[in-house]
Structures are given as structure tokens and as C-alpha cells.
Amino acid sequence: MSRKKTPKSKGGSAPATSALPATHGSRPVRPGTARPGPDAPPNGPPQPGRSSLGGGGDFYDVAFKVMLVGDSGVGKTCLLVRFKDGAFLAGTFISTVGIDFRNKVLDVDGMKVKLQIWDTAGQERFRSVTHAYYRDAHGVLTGPLPPALLLLYDVTNKASFDSIQAWLTEIQEYAQHDVVLMLLGNKVDSAQERVVKREDGEKLAKEYGLPFMETSAKTGLNVDLAFMAIAKELKQRCMKAPSEPRFQLHDYVKREGRGASCCKP
Ligand SMILES: Nc1nc2c(ncn2[C@@H]2O[C@H](COP(=O)(O)OP(=O)(O)OP(=O)(O)O)[C@@H](O)[C@H]2O)c(=O)[nH]1
Ligand SMILES: [Mg+2]
């Protein structure tokens with residue numbers, strides 16, 4: 001796996017992963033970082049008034065990890081860049097090598113929640129790297145909660161949908177049994193090329209008891225919502241007061257999610 005110095009993950013500029021593309025075979029690849037570096041927050045309870053070590057004034061109360069997984073090309077990196085920078089990485093597909101991460105602080109019900117989002121490589125040859133991160137095997141980010149998972153397929157690629165079952169088996173094997181997990185069908189802006197119906201995604205999600213949404217990294221449809229839903233669930237799991245009603249992740253994404261037919265994110 002290649003390593004490179006990752007630019008500060010907080011800026012609004014080009015994504016860390018877009019610089020210095022290397023070449024593996026005929027497909028360009030996007031080098032990832034193998035370790036979180038000094039910007040990595042611990043998962044854990046609130047640390048009021050704490051600022052991120054990356055500098056620049058990103059204050060947060062609590063930090064969580066989220067991992068993006070799914071076949072190569074489903075749009076994991078684009079989803080992250082859309083969420084972090086509000087931009088779409090059009091043009092040449094640059095496949096991620098190894099793993100990379102970026103941070104974003106969200107306001108969740110009056111609390112600053114920092115998400116450290118790990119962008120994994122979908123290519124099979126990097127799978128062992130991903131396995132190690134499901135349980136934070138590197139031990140860099142110790143805390144009460146394992147990384148939450150956003151599992152993506154591409155609605156224009158049936159094979160990526162068919163892989164979901166294998167991904168779930170892998171998650172079962174390597175991740176914590178009560179991991180926060182959401183299924184996302186990405187690229188719904190490509191209506192002409194769609195081969196996986198929304199109902200198929202819903203059916204699969206229901207079968208496995210997963211919250212489900214369709215997204216588009218290109219238009220931004222449901223992207224912020226997916227991360228917000230995960231942040232709310234993690235926050236609740238970490239610090240819910242006994243008197244507080246339980247956050248209903250399934251209901252939240254069903255209620256707030258927007259349909260692909262709508263042209264605005
Ligand atoms: N139309 C459309 N294209 C997308 C969308 N998301 C990603 N793409 C395109 O799909 C290709 C793959 O996107 P990536 O985000 O690099 O895919 P990835 O899942 O990170 O792939 P790996 O790094 O190899 O695991 C790129 O050419 C993107 O421009 C989307 O929502 N809509
Ligand atoms: Mg990628």
C-alpha cells in the first residue's frame with residue numbers, strides 16, 4: 001500500500017485522495033493513508049471545549065468513526081467528497097488505494113459531533129486493510145463504539161448490488177455484532193442507466209433489518225442526511241439519557257429521505 005502525506009483534512013480544497021495519483025495496471029489509483037495521523041479523534045464520550053489536533057478551530061464535543069465500504073466504483077470517495085466539500089469528482093475514475101480518511105464536524109441537536117470518515121478501497125486486493133479497520137484493529141481510535149458502516153452499491157451496476165450479501169457476511173465476520181450499519185444505493189441521478197430498482201434495495205435492506213436510502217454523490221441527494229442519521233444514532237448510543245426517547249434510525253431515514261425523481265438534493 002502506498003502512503004503519502006495527507007493534507008489537512010478540514011479544508012474545503014481538493015480532497016486528500018485526489019493528489020498524486022499512482023498507476024496500478026491500467027486503472028489510475030488514489031493513494032490512501034494507512035494510519036489516521038494526528039488529526040484522528042478517539043471515539044468516545046463528550047470532551048467539551050476540545051479542539052481537533054488538526055488546528056483551524058474545529059471544536060467538537062464528541063467524535064465518532066464511520067467507514068465507507070462497497071465494491072470498487074460504487075462512489076464511496078465521491079460520496080465522502082460531496083459530504084465534506086460539497087463537490088463532485090467528475091471525470092476519470094481514480095480508484096482508492098488502501099484507506100484514507102477525512103473529518104467533518106456536524107451540529108447534532110446542539111452538540112458538535114466530529115465524524116472521522118474512513119474511505120476504504122473497494123478493490124479486492126486491499127480487503128485485508130479494510131478488515132483491520134472494522135474493529136479499529138490498529139487501536140489508534142480506542143473508545144466505546146466501533147466504526148459505523150455505510151455500505152454502498154451502485155444502482156447502475158447489478159454486480160455491485162449482488163455483492164452486498166458477501167459484504168454483509170464479511171461485516172458479520174470482522175465487525176462488531178451491534179455495529180451501526182446503513183445500506184446506500186448510489187448514483188440515482190443516472191436514471192437511464194439504472195438497473196437496480198429502488199424496491200430491490202428496499203427489499204434487501206428489509207431482509208437484513210438495515211436502514212436504507214438511495215443517494216447521489218453527483219447531485220448530493222440524501223448525502224448529508226445519510227451522515228447525519230449515522231451521527232444521530234452514534235450520539236444516542238454513546239450518551240442517551242435514560243429519560244430521553246430512543247432515536248429511531250429507520251424511521252428517521254424513511255421520513256427525511258428524498259426520492260430520486262426529485263432533481264434537487
Ligand atoms: N453519475 C454518478 N457518478 C458517480 C456518482 N458517484 C460516483 N460516481 C462516479 O463513479 C466513479 C467511481 O467513483 P469513486 O467514488 O471513485 O468510487 P469508489 O467507490 O471510491 O471506488 P474505489 O476507490 O475503487 O473503491 C467515478 O467516475 C465517479 O465520478 C454518482 O452519484 N453519480
Ligand atoms: Mg475510492
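Indexing begins at 1, ligand by ligand and atom by atom, following the structure's order.
Checked by atom type, the side-chain pair Asp189/Ser216 shows a donor-acceptor distance below 3.5 Å.
Listed by atom number, the atoms of ligand 1 under 4.0 Å from Thr77 heavy atoms are 15 (O), 20 (O). The contact set between ligand 1 and Gly91, taken as ligand atoms under 4.0 Å from a residue heavy atom, comprises 27 (O). Close approach of ligand 1 to Asn186 is summarised as follows: ligand atoms under 4.0 Å from at least one heavy atom of the residue are 5 (C), 6 (N), 31 (O). Numbered from 1 in the order shown, with element, the atoms of ligand 1 that lie under 4.0 Å from a heavy atom of Ser95 read 22 (P), 23 (O), 24 (O). Under a 4.0 Å criterion applied to the non-hydrogen atoms of Ser190, ligand 1 contributes the atoms 1 (N).
Residue contacts with ligand 1 for Ser72 involve both N, CA, C or O and side-chain atoms from C-beta outward (heavy atoms, distance under 4.0 Å). Here Leu89 has backbone heavy atoms under 4.0 Å from ligand 1, and that is the only part of it that gets that close.
Residues Leu184 and Leu79 form a side-chain contact, since some pair of their non-hydrogen atoms from C-beta on lies under 4.5 Å apart.
Pairs engaging residues 221-247 under the ring-ring contact (aromatic ring centres under 6.0 Å, His included) rule: Phe83-Phe227, Phe247-Tyr252 [sequence neighbours left out].
Any N or O atom pair closer than 3.5 Å counts here, and Gly70 shares no such pair with ligand 1. The distance criterion of under 3.5 Å between nitrogen or oxygen atoms is met by Gly73 with respect to ligand 1. Checked against a 3.5 angstrom limit, the closest N/O atoms of Leu79 and ligand 1 fall outside it.
Between the Mg ion (ligand 2) and Thr77 there is an N/O/S contact shorter than 2.8 Å.
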